[in-house]
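Worksheet: the structure to be examined is printed underneath.
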Amino acid sequence: MVRLKIEISVPESHVDVVIEALHAAGAGRIGEYARCSSVWRVTGNWQSLPGSQPYDGEVGVVQHGEECRIESVCDAEQARAVQQAVRDAHPYEEAVIHFLPLYEP
(Lines give C-alpha, C1' and ligand atoms only; values in the text may rest on other atoms or scores of the structure.)
Protein backbone atom coordinates (compact mmCIF):
# COMPACT_ATOMS: atom_id res chain seq x y z
CA MET A 1 0.00 0.00 0.00
CA VAL A 2 1.39 3.40 -1.00
CA ARG A 3 0.97 6.15 1.58
CA LEU A 4 1.12 9.85 0.75
CA LYS A 5 1.99 12.92 2.78
CA ILE A 6 -0.43 15.79 2.09
CA GLU A 7 0.66 19.43 2.31
CA ILE A 8 -1.92 22.21 1.99
CA SER A 9 -1.43 25.99 2.21
CA VAL A 10 -4.51 27.85 3.40
CA PRO A 11 -5.38 31.16 5.10
CA GLU A 12 -5.74 30.81 8.88
CA SER A 13 -9.44 31.71 8.63
CA HIS A 14 -10.09 28.44 6.73
CA VAL A 15 -7.88 25.97 8.61
CA ASP A 16 -10.71 24.25 10.50
CA VAL A 17 -13.00 23.83 7.50
CA VAL A 18 -10.17 22.46 5.32
CA ILE A 19 -9.06 20.04 8.05
CA GLU A 20 -12.65 18.84 8.43
CA ALA A 21 -12.93 18.25 4.67
CA LEU A 22 -9.57 16.48 4.64
CA HIS A 23 -10.58 14.09 7.37
CA ALA A 24 -14.13 13.58 6.06
CA ALA A 25 -12.54 12.30 2.83
CA GLY A 26 -10.57 9.69 4.78
CA ALA A 27 -7.19 11.34 5.31
CA GLY A 28 -5.40 11.44 8.65
CA ARG A 29 -5.48 7.77 9.60
CA ILE A 30 -2.29 6.46 11.24
CA GLY A 31 -2.58 2.98 12.72
CA GLU A 32 -5.33 3.04 15.32
CA TYR A 33 -5.55 6.85 15.27
CA ALA A 34 -7.79 9.04 13.09
CA ARG A 35 -7.90 12.76 12.24
CA CYS A 36 -4.12 13.12 12.53
CA SER A 37 -2.74 16.38 11.16
CA SER A 38 -0.42 19.24 12.02
CA VAL A 39 -0.65 22.96 11.33
CA TRP A 40 1.88 25.78 11.47
CA ARG A 41 2.19 29.33 10.20
CA VAL A 42 4.18 30.10 7.07
CA THR A 43 4.65 33.13 4.81
CA GLY A 44 3.30 32.68 1.29
CA ASN A 45 4.41 34.63 -1.79
CA TRP A 46 2.49 34.97 -5.06
CA GLN A 47 1.71 37.19 -8.00
CA SER A 48 -1.76 36.99 -9.51
CA LEU A 49 -1.58 37.06 -13.31
CA PRO A 50 -4.04 38.75 -15.68
CA GLY A 51 -7.29 36.77 -15.84
CA SER A 52 -7.02 35.54 -12.25
CA GLN A 53 -9.44 36.36 -9.45
CA PRO A 54 -7.23 36.37 -6.36
CA TYR A 55 -8.64 35.59 -2.94
CA ASP A 56 -6.14 38.10 -1.54
CA GLY A 57 -4.09 40.81 -3.23
CA GLU A 58 -4.17 42.52 -6.60
CA VAL A 59 -3.56 41.25 -10.11
CA GLY A 60 0.04 41.96 -11.18
CA VAL A 61 1.33 42.82 -7.70
CA VAL A 62 3.73 40.54 -5.82
CA GLN A 63 2.09 39.67 -2.51
CA HIS A 64 3.38 38.26 0.78
CA GLY A 65 0.96 36.96 3.37
CA GLU A 66 0.58 34.79 6.39
CA GLU A 67 -0.84 31.35 5.70
CA CYS A 68 -1.03 28.04 7.50
CA ARG A 69 0.44 24.77 6.28
CA ILE A 70 -1.65 21.71 7.02
CA GLU A 71 0.04 18.29 6.83
CA SER A 72 -1.60 14.90 7.00
CA VAL A 73 -1.44 11.48 5.31
CA CYS A 74 -3.65 9.25 3.19
CA ASP A 75 -3.51 6.09 1.10
CA ALA A 76 -2.79 6.65 -2.60
CA GLU A 77 -6.25 5.40 -3.57
CA GLN A 78 -7.83 8.13 -1.40
CA ALA A 79 -5.89 10.97 -3.05
CA ARG A 80 -8.49 11.99 -5.66
CA ALA A 81 -11.31 12.14 -3.10
CA VAL A 82 -9.12 14.05 -0.63
CA GLN A 83 -8.02 16.50 -3.34
CA GLN A 84 -11.62 17.18 -4.39
CA ALA A 85 -12.83 17.60 -0.79
CA VAL A 86 -10.04 20.06 -0.01
CA ARG A 87 -10.63 22.05 -3.21
CA ASP A 88 -14.35 22.29 -2.40
CA ALA A 89 -13.57 23.69 1.07
CA HIS A 90 -10.58 25.86 0.10
CA PRO A 91 -11.08 29.59 -0.61
CA TYR A 92 -8.23 30.02 -3.13
CA GLU A 93 -8.89 30.00 -6.86
CA GLU A 94 -5.88 27.65 -7.18
CA ALA A 95 -5.51 25.65 -3.99
CA VAL A 96 -1.98 24.46 -3.21
CA ILE A 97 -2.25 20.73 -2.41
CA HIS A 98 0.85 18.52 -2.59
CA PHE A 99 0.82 14.73 -2.40
CA LEU A 100 4.26 13.27 -1.69
CA PRO A 101 4.99 9.51 -1.59
CA LEU A 102 6.27 8.29 1.76
CA TYR A 103 9.10 5.83 2.18
CA GLU A 104 8.05 3.25 4.74
CA PRO A 105 10.65 0.50 5.25
Side-chain angles (χ1 to χ4, degrees):
M1 168 183 17
V2 176
R3 300 276 288 165
L4 303 173
K5 175 184 176 183
I6 308 163
E7 297 177 348
I8 306 163
S9 295
V10 63
E12 187 172 7
S13 61
H14 287 74
V15 167
D16 291 339
V17 70
V18 170
I19 286 176
E20 184 59 37
L22 180 73
H23 293 154
R29 183 78 187 246
I30 301 175
E32 298 302 317
Y33 293 84
R35 303 179 65 83
C36 300
S37 61
S38 60
V39 178
W40 65 90
R41 287 186 173 89
V42 297
T43 300
N45 305 285
W46 66 94
Q47 181 180 18
S48 303
L49 300 175
S52 66
Q53 297 177 343
Y55 171 80
D56 187 19
E58 298 176 42
V59 172
V61 178
V62 175
Q63 303 289 319
H64 310 280
E66 296 301 313
E67 295 179 301
C68 289
R69 172 71 50 91
I70 300 169
E71 285 192 3
S72 192
V73 295
C74 71
D75 295 336
E77 55 269 4
Q78 297 172 302
R80 286 196 192 280
V82 168
Q83 183 182 49
Q84 189 59 56
V86 170
R87 283 186 175 154
D88 290 346
H90 205 292
Y92 292 171
E93 183 177 18
E94 297 289 340
V96 176
I97 308 166
H98 297 148
F99 291 91
L100 306 163
L102 293 172
Y103 171 72
E104 296 186 25

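Residue numbers count from 1 along this sequence.
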Would you say that more than 12 heavy atoms from the other residues, nucleotides or ligands in this model lie under 6.0 Å from the [atom1] of [X], or not?
X	atom1	value
D88	CG	yes
E66	CD	yes
E7	CD	yes
E12	CD	no
E93	CD	yes

Check: residues 67-75 side-chain donor-acceptor pairs under 3.5 Å, at least two apart:
unit_1 : atom_1 : unit_2 : atom_2 : d
E67    : OE2    : Y92    : OH     : 2.6
R69    : NE     : S9     : OG     : 3.3
R69    : NH2    : S9     : OG     : 3.4
E71    : OE1    : K5     : NZ     : 3.4
E71    : OE2    : K5     : NZ     : 3.1
S72    : OG     : G28    : N      : 3.4
S72    : OG     : C36    : O      : 2.7
D75    : OD1    : R3     : NH1    : 2.8

Practice problem: For the residue pair V62 and N45, establish whether any side-chain heavy-atom pair is separated by less than 4.5 Å. | Solution: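 V62 does not reach N45 side chain to side chain.
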
Quiz prompt | Side chain to side chain, S48 and D56, heavy atoms closer than 4.5 Å | solution = no

Exercise. Using atom types as modelled and distance alone, determine if a side-chain donor or acceptor of R87 lies under 3.5 Å from a backbone N or O of A89.
Key: no

Quiz prompt | Contacts of R35 that satisfy salt bridge (charged side-chain N to carboxylate O under 4.0 Å, His left out) - sequence neighbours left out | solution =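 By the salt bridge (charged side-chain N to carboxylate O under 4.0 Å, His left out) rule, R35 matches E20.
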
Would you say [Y] ends up clustered with [X] if hydrophobic residues are merged whenever their side chains have heavy atoms under 4.5 Å apart, either directly or through other cluster members?
X	Y	answer
L102	I30	yes
V96	V86	no
V2	I6	yes
V59	W46	no

Shortest non-hydrogen contact from [X] toward [Y]:
X	Y	value
P101	L4	CA-CD2, 3.7 Å
H90	A95	CG-CB, 3.7 Å
Q78	A25	NE2-O, 4.3 Å

Quiz prompt | ring-ring contact (aromatic ring centres under 6.0 Å, His included) partners of H14, counting only residues at least two apart | solution = Y55

